[in-house]
Amino acid sequence: MVRLSSEILALAVGLLPQLVQGAGLNTAAVAKGLLYFGTATDNPELTDTAYVTQLNNTDDFGQITPGNSQKWDTIEPTQNTFSYTKGDVIANLAKANGQKLRCHNLVWHSQLPSWVTSGTWTNATLLAAMKNHITNVVTHYKGDCYAWDVVNEALNEDGSYRESIWYTTIGPAYLPIAFATAAAADPNVKLYYNDYNIEYSGSKATGALNIVKLIQSYGVKINGVGLQGHFIVGSTPSQSSQASTMAAYTALGVEVAITELDIRMTLPSTDALLAQQKTDYSGTVAACVATKNCVGVTIWDWTDKYSWVPSTFSGQGAACPWDENYAKKPAYTGILTALGGTATSTTTSVVSSTSSTSTTTSSGSSATGVAHWGQCGGSGWTGGKTCASGYTCTYFNDYYSQCL
Ligand SMILES: O[C@@H]1[C@@H](O)[C@H](O[C@@H]2CO[C@@H](O[C@@H]3CO[C@@H](O[C@@H]4CO[C@@H](O)[C@H](O)[C@H]4O)[C@H](O)[C@H]3O)[C@H](O)[C@H]2O)OC[C@H]1O
């Protein structure tokens, strides 16, 4: 009798963290048949202990993408001098956590060093520089990456080729040559074409389909199309539109992934905007879940605190599923629901650019304060909330706590 009781106790004690662990985005994604749910990150944020604690949470994130540290200007700032320090920090973090790494990116028109953009090039010399870069970088990260974004954003909105230095100097052949060079350096890594505004049908999506066909017509390997998913609240393409576009890519024999998802709004945030953002996130993730060979979803950082949006799109922000104080927004529940996970309460958050409050109401109750989904305390947590009546703040580690 005593033995049975202690077994039940041990089971209960063992189960509690597992149940909480099982509530996360990556856990739900994998249970639903995806390979991962992940997030971008960047080196400056890694000095923030509370941020890193959540980044390391494999229940939510089974995959990481370096937001900047593998780009050309970081890795090869002067010709043939390679600097892997920043990229290695993130690759090593992912490795230590057992998280997949999406490697981003090899050939892009942006974030190039001046020796590339201002150089005097011929077709032959630029090809040699591009191949040298790809070979060095892919070789360095050989075995570390699930996938490489080999070419990023080669298209204009009308589906024609962007007049980048690559296109104007080499012509469209730079694409298959880039993919062939990457394949030679690491035969096992997945090779992706990655772009924005190719998530719904139209000229640009047709251009992306043609890029896949072009590369395949050379007999060169391309494994996937990355749909960036930088959307706007209320203007996000519908779930069915995204799913049918994904199906058009996978019909060519490649996989797809949502690679840089964020859904921005004009600030200040309101409850109505946050509710629409939840719907938009949910529909986007559901499109991936509904698509055979959509392998995963990556958000372009998880917290509004470090989102690239406000510095790029003036007056816009609040694009991530967690707010600036690391409280989960309704979007989190929208994603989790699309992944087949269950949220035990509805959460409304009021977020401004400088502060955040989160109120959760358990169904059928008018209690204020945090129920299940809020962080309520922990020595590493500075935004602690009061638990709603009937809930107790339960600590799982120094940072991670929930009202249960
Ligand atoms: O620290 C940041 C990095 O986070 C940032 O990473 C890049 C962000 O996204 C990708 O490139 C951008 C994609 O969106 C384009 O704007 C779109 C224009 O059309 C609109 O309809 C759409 O909603 C917009 O998103 C930007 O022009 C692109 O730059 C890229 O793949 C990431 O590497 O890079 C800059 C760093 O400072």
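Numbering of ligands and ligand atoms starts at 1, following listing order.
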Tell me whether W300 has any N or O atom under 3.5 angstrom from an N or O of ligand 1.
yes
How about N152 and Y193: does a side-chain donor come under 3.5 Å of a side-chain acceptor?
no
What is the nearest protein non-hydrogen atom to atom 22 (C) of ligand 1, stated with its residue, atom name and distance?
H230 O, 3.8 Å
Could you identify the single nearest non-hydrogen protein atom to atom 11 (O) of ligand 1 and state the distance to 0.1 Å?
E153 OE2, 2.7 Å
Can we call the ring centroids of H133 and W72 under 6.0 Å apart?
yes
Distance to 0.1 Å, residue and atom name: give those for the protein heavy atom nearest to atom 35 (C) of ligand 1.
Q111 OE1, 3.3 Å
With heavy atoms only and a cut-off of under 4.0 Å, state how E157 meets ligand 1: side chain, backbone, both or neither.
neither
Would you please indicate if the ring centroids of H140 and Y84 are separated by under 6.0 Å?
yes
If the contact criterion is a heavy-atom separation under 4.0 Å, does F313 count as touching ligand 1?
yes
Under a 4.0 angstrom heavy-atom cut-off, which atoms of ligand 1 come close to N152?
30 (C), 31 (O)
State yes or no: are the ring centers of W322 and Y332 separated by less than 6.0 Å?
yes
F313 ring center near W308 ring center (under 6.0 Å)
yes
Which protein non-hydrogen atom lies closest to atom 37 (O) of ligand 1, naming both residue and atom, and how far is it?
N68 OD1, 4.3 Å
Any N/O pair K71/ligand 1 closer than 3.5 Å:
yes
If we number the atoms of ligand 1 from 1 as shown, the ones under 4.0 Å from a heavy atom of N197 are 19 (O), 20 (C), 21 (O)
Ring centre gap for Y306 and Y51 strictly below 6.0 Å:
yes
